Amino acid sequence: MLAGIFACTAVSAAGETARSWANANLSPDERASMIVARMTQADELSLVRGWLGLRYNPSYPPPFNGNKRFHDVVGSSGYVPGIPRLGIPSLQETDASLGVANLGGIIRPGDVATALPSSLLLGATFDRHVAFHSGEMIAQEAWRKGLNVLLGPGIDLIRDPRNGRNFEYISEDPLLTGALAAPYIQGVQAQHVIAVVKHYVMNDQETDRNSANAIIGEADLRESDLLGFELAIEGGDPGAVMCSYNLINGTYACENHHLLDEVLKGDWHYPGFVMSDWGAVHSVGAAMAGLDQESAATMDTRPFGAAPAPYFAAPLYKAIQDGTVSRSRLADMAHRILRSMFAAGLLDHPPVKSAIDYKADGDVALREAQAGIVLLKDDREVLPLGPNDVRIAVIGGHADSGVLSGGGSAQVFPAGGPGISIPLGGANPVLARINAMIFDPSVPLQAISGLAPKAEVRFDSGDYPSQAATLAKWADVAIVFATQWTSEGRDVPDLSLPNGQDGLIRAVAAANPKTVVVLETGGPVAMPWLRQVAAVVESWYPGQRGGEAIADILCGKVDPSGHLPVTFPASIDQNPRPVIPGSEAVDAAAMSAPGSQAHEIDVDYSEGAEVGYRWFAEKHLTPMFPFGYGLSYTTFNYSKLDVHGGRTLTVSFEVTNTGERSGVAVPQVYLMSRSGRPLQRLIGFSRVPLAPGQRQEVSLRVDQRLLADFDPAAHLWRVPAGRYAIALARSATDEVVTGATHLDTATLRP
Ligand code: BGC
């Protein structure tokens with residue numbers, strides 16, 4: 001089907017059918033080549049230079065006041081003007097991974113969107129279908145708002161539990177991250193919206209993110225963060241990759257010839273385009289290193305707020321004139337952008353502003369939250385709540401108003417408006433509106449009352465622990481909601497719950513032995529009160545319908561089936577870097593702002609590829625809760641492990657629900673050692689819904705790269721011949737059945 005954009009504009013050219021690229025039977029590359037052949041250099045330059053996507057609004061101070069020059073700006077994070085003469089639509093680029101963002105509700109005043117749970121909750125589902133439907137839902141809302149590029153998913157590996165953006169990332173493991181990002185990307189692009197996988201690569205801390213220099217060896221990088229990207233890109237085929245703010249081994253990500261040209265476009269044959277993060281370009285030379293499009297080019301100024309100095313504008317023109325950047329490279333940049341536009345269907349199926357079914361989309365958010373909330377502790381089977389729980393105390397966390405969400409560019413202004421919005425201050429009037437803690441409008445208190453109609457449910461704000469304890473004493477069960485707000489641009493200094501919440505939990509637990517803690521956190525937190533409480537539920541940032549999902553788990557309407565996508569350390573001293581590099585400076589947060597002029601600091605990723613649970617295994621450390629961990633109200637038996645070697649590794653086993661309730665098992669397969677040398681890696685997983693007594697066979701074929709070492713000298717993945725010990729496990733530290741097999745030597749090109 002050809003869209004209106006072609007239908008109403010017929011241009012003829014000598015020797016070529018007008019708009020020959022309108023033929024949807026041709027490949028995206030053929031179509032892109034045809035258009036590029038008709039482009040002037042000015043057209044190409046226009047396509048590679050991005051603008052902030054803000055609509056013109058003279059009442060806002062710069063740079064938030066937008067740009068008078070363009071009339072079709074929908075209002076989002078980024079914008080690239082189209083070329084109407086050639087039927088090329090503008091790119092309207094919206095954040096991000098958890099829903100169509102609208103920072104502070106100011107970008108499209110009054111506009112809302114469905115807020116999905118955090119990406120870490122998605123990681124906790126271990127569910128590829130949930131990932132697909134998340135991407136599909138967000139992109140469909142974007143498309144109906146007139147937006148055609150989604151700046152997600154974010155897939156950096158979680159290397160520090162204090163990273164302020166962990167809630168935007170999926171997990172600490174390359175397989176889990178890649179396996180969920182790929183269907184998410186497919187879901188996005190099935191809606192004719194380009195997906196942008198980000199932030200390439202090693203943007204693993206927010207502190208000094210513009211100047212942090214990630215030091216990591218080539219083999220380690222290939223086997224960890226790059227492998228996550230490789231699997232996501234291979235399986236999802238995203239139209240664009242966003243290069244990150246930081247440096248890698250001394251070179252900025254957006255001008256890193258090795259990572260952009262040699263690895264991404266060379267080894268992985270990536271045909272799409274590389275766009276920069278907002279304010280991440282430092283020279284026109286980035287074009288020759290592999291950057292195809294400079295996003296929001298006016299942000300590439302030093303310092304932030306100074307006169308704009310875009311690189312892919314006059315400086316790029318000059319570089320082409322003097323031959324520093326070749327003419328063919330500029331054509332390649334334009335080709336890559338256009339080919340991704342064709343591949344995702346941006347020209348054939350342009351966005352149509354249309355009504356959004358927020359009810360149906362809310363159901364997507366609910367199902368995801370139900371699948372990714374993790375039951376961490378349930379002593380004495382306090383949960384699910386039962387008929388004897390007739391007096392229920394709900395305490396703290398604004399559980400009478402909503403559930404917390406994370407801040408920064410991914411912030412969604414939720415459908416129905418925020419439950420509450422707590423301003424965090426700031427002198428700049430626009431930044432002050434952006435700088436707020438937003439609670440999504442799904443109210444745990446109400447949802448719990450709804451599922452326990454015979455119980456008396458009372459709320460206490462938790463502001464005064466003694467008062468909360470009084471209510472807890474009255475109750476049969478006390479449920480404390482504890483929150484940790486995290487945001488882009490700042491890491492949290494430590495793992496404690498802020499604002500004295502640890503003291504509140506202790507006071508409540510001392511008053512009532514049946515104390516349940518529900519966490520709403522950006523990532524792992526410390527739990528100094530763990531032994532004193534009966535149950536703990538990790539709900540991450542559970543999104544638009546999160547309050548209901550939490551109540552469903554607490555009341556047993558839904559069996560908990562989330563499993564940790566990240567290790568919860570017993571103490572931050574177990575982390576490879578107990579102190580976040582750069583965090584000791586008093587102005588650490590300011591240094592993270594775009595355009596800040598902090599000087600380079602080295603972040604030595606000495607753990608290499610041994611990220612998260614792999615580091616804990618290597619160092620024989622016992623975490624508070626391991627990667628992959630999560631309880632259920634039913635029980636599962638794992639048996640009949642069969643491991644087949646030779647040229648490739650296949651694993652099969654049986655899972656049985658041995659309890660009395662329906663539930664979902666998440667069996668995990670780990671490589672445990674190679675020829676006697678301990679070496680832990682997640683090499684497969686599944687998600688198996690089972691009725692009581694039901695059993696199912698699962699078989700998995702293991703990707704060779706998960707078994708291999710990367711050999712930089714030979715430029716190969718190498719699976720050494722030897723004996724491979726495998727564990728079928730409930731978590732990274734809970735092996736149920738083990739097996740072993742012999743594998744032959746194998747080598748693979750990267
Ligand atoms: C973030 C990106 C985001 C971009 C546009 C940057 O600050 O790092 O993730 O897509 O802004 O809002």
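Numbering starts at 1 and runs along the sequence shown. Predicted model only: the values in this text are computed from it and were never measured.
- For Phe312, the ring-ring contact (aromatic ring centres under 6.0 Å, His included) test picks out no residue, with sequence neighbours left out.
- A donor and an acceptor atom, one from each side chain of His282 and Glu255, are nowhere located under 3.5 Å apart.
- Side chains of Asn213 and Asp602: a donor-acceptor N/O pair is present below 3.5 angstrom, by distance only.
- Inter-residue side-chain proximity for Tyr270 and Val241 is flagged as met; some heavy-atom pair is nearer than 4.5 Å.
- At a threshold of 4.5 Å between non-hydrogen side-chain atoms, the residues Tyr60 and Arg433 count as touching.
- Taking CD1 from Ile194 and CG from Leu150, the interatomic distance works out to 11.0 Å, rounded to the nearest 0.5 Å.
- Among residues at least two apart or in separate chains, there is no ring pair (Phe, Tyr, Trp, His ring centres under 6.0 Å) pair with a member in residues 87-111.
- For Gln411, the side-chain hydrogen bond (donor to acceptor under 3.5 Å, both in side chains) criterion is met by Ser405, not counting sequence neighbours.
- At distances below 3.5 Å, at least one donor-acceptor pair connects side-chain atoms of Trp278 with backbone N or O atoms of Ser77.
- Every residue two or more places apart in sequence or in another chain that forms a side-chain hydrogen bond (donor to acceptor under 3.5 Å, both in side chains) with Asp72 is listed here: Tyr79, Ser90.
- In this structure, Asn249 contributes its side chain and Ile216 its backbone to a donor-acceptor pair below 3.5 Å.
- Two residues are said to be in side-chain contact when any heavy atoms from C-beta on lie closer than 4.5 Å; Asp225 and Tyr200 fail this criterion.
- A donor-acceptor contact closer than 3.5 angstrom links the side chains of Ser409 and Glu488.
- Sorted by first then second residue, the ring pair (Phe, Tyr, Trp, His ring centres under 6.0 Å) pairs that include residues 86-107, not counting sequence neighbours, number zero.
- Contact check for Pro350 versus Pro89: no side-chain heavy atoms found under the 4.5 Å cut-off.
- No donor-acceptor distance shorter than 3.5 angstrom exists from the side chain of Arg49 to the backbone of Glu294, with no hydrogens or angles considered.
- To the nearest 0.5 Å, atom CD1 of residue Ile88 and atom CD1 of residue Ile83 are 4.0 Å apart.
- Checked against side chain to side chain contact (heavy atoms under 4.5 Å, CB included), Ala253 has the following partners two or more places apart in sequence or in another chain: Cys243, Ser244, Ile248.
- Checked by atom type, the side-chain pair Thr114/Glu141 shows a donor-acceptor distance below 3.5 Å.
- Between the Asp208 side chain and the Ser211 main chain, no donor and acceptor come within less than 3.5 Å of each other.
- Glu93 is linked by a salt bridge (charged side-chain N to carboxylate O under 4.0 Å, His left out) to nothing, counting only residues two or more places apart in sequence or in another chain.
- A side-chain donor from one of Thr207 and Asp491 sits under 3.5 Å from a side-chain acceptor of the other.
- For the side chain to side chain contact (heavy atoms under 4.5 Å, CB included) test, residues two or more places apart in sequence or in another chain that qualify with Arg749 are Leu716.
- Checked against side-chain hydrogen bond (donor to acceptor under 3.5 Å, both in side chains), Asp29 has the following partners two or more places apart in sequence or in another chain: His335.
- Using a 4.0 Å cut-off between a side-chain N of Lys or Arg and a carboxylate O of Asp or Glu, Asp332 and Arg339 do not qualify as a salt bridge.
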- request: Test Arg327 against Glu44 for salt bridge (charged side-chain N to carboxylate O under 4.0 Å, His left out), laying out the working first.
  value: CA-CA 10 Å; Arg327 186 69 192 76; Glu44 289 171 347; 2.7 Å; yes
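- The list of disulfide (SG to SG under 2.5 Å) pairs with a residue in residues 54-112, not counting sequence neighbours, is empty.
- Looking only at atom types and distance, the side chain of Thr40 has a donor-acceptor partner in the side chain of Asp43 under 3.5 Å away.
- Distance alone, capped at 3.5 Å, places no donor-acceptor pair between the His192 side chain and the His349 backbone.
- For the pair Tyr605/Leu221, no side-chain contact is recorded, criterion being any heavy-atom separation below 4.5 Å from C-beta on.
- Without hydrogens or angle criteria, Glu262 side chain to Leu259 main chain gives no donor-acceptor distance under 3.5 Å.
- No side-chain heavy atom of Val149 sits under 4.5 Å from any side-chain heavy atom of Gln92.
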message: Working note: Glu206 + Arg490, criterion salt bridge (charged side-chain N to carboxylate O under 4.0 Å, His left out); need CA distance, chi angles, decisive distance, verdict.
response: CA-CA 5 Å; Glu206 286 298 281; Arg490 56 186 100 173; over 6 Å; no
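- A 4.5 Å side-chain heavy-atom check between Leu227 and Phe710 finds every atom pair outside the cut-off.
- Side-chain atoms of His258 and Glu218 include a donor-acceptor pair closer than 3.5 Å.
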field: Stepwise salt bridge (charged side-chain N to carboxylate O under 4.0 Å, His left out) check, Asp267 with Arg222
entry: CA-CA 11 Å; Asp267 290 346; Arg222 295 267 189 168; 2.9 Å; yes
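- Leu260 places none of its side-chain heavy atoms less than 4.5 Å from the side chain of Lys265.
- Applying the side chain to side chain contact (heavy atoms under 4.5 Å, CB included) rule to Val325 yields the partners Ala287, Met288, Leu316, Ala319, Ile320, Arg329; only residues at least two apart in sequence or on another chain are considered.
- No hydrogens or angles considered: nothing links the side chains of Thr486 and Arg165 as a donor-acceptor pair under 3.5 Å.
- Other residues, nucleotides and ligands contribute over 12 non-hydrogen atoms within 6.0 Å of the CZ atom of Phe70.
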Which pairs would a plain distance check flag for residues 97-107, meaning a side-chain donor or acceptor within less than 3.5 Å of a matching protein atom at least two apart in sequence or in another chain?
| unit_1 | atom_1 | unit_2 | atom_2 | d |
| --- | --- | --- | --- | --- |
| Ser97 | OG | Gly154 | N | 3.2 |
| Asn102 | OD1 | Ile107 | N | 2.9 |
| Asn102 | OD1 | Arg108 | N | 3.1 |
| Asn102 | ND2 | Arg108 | O | 2.9 |
| Asn102 | ND2 | Asp111 | O | 2.9 |

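- In this structure a side-chain-to-backbone donor-acceptor pair under 3.5 Å is present from Asn166 to Asp160.
- Between the Asn163 side chain and the Asp204 main chain, a donor and an acceptor come within less than 3.5 Å of each other.
- For Tyr169 (side chain) and Thr177 (main-chain N/O), no donor-acceptor pair under 3.5 Å exists by modelled atom type.
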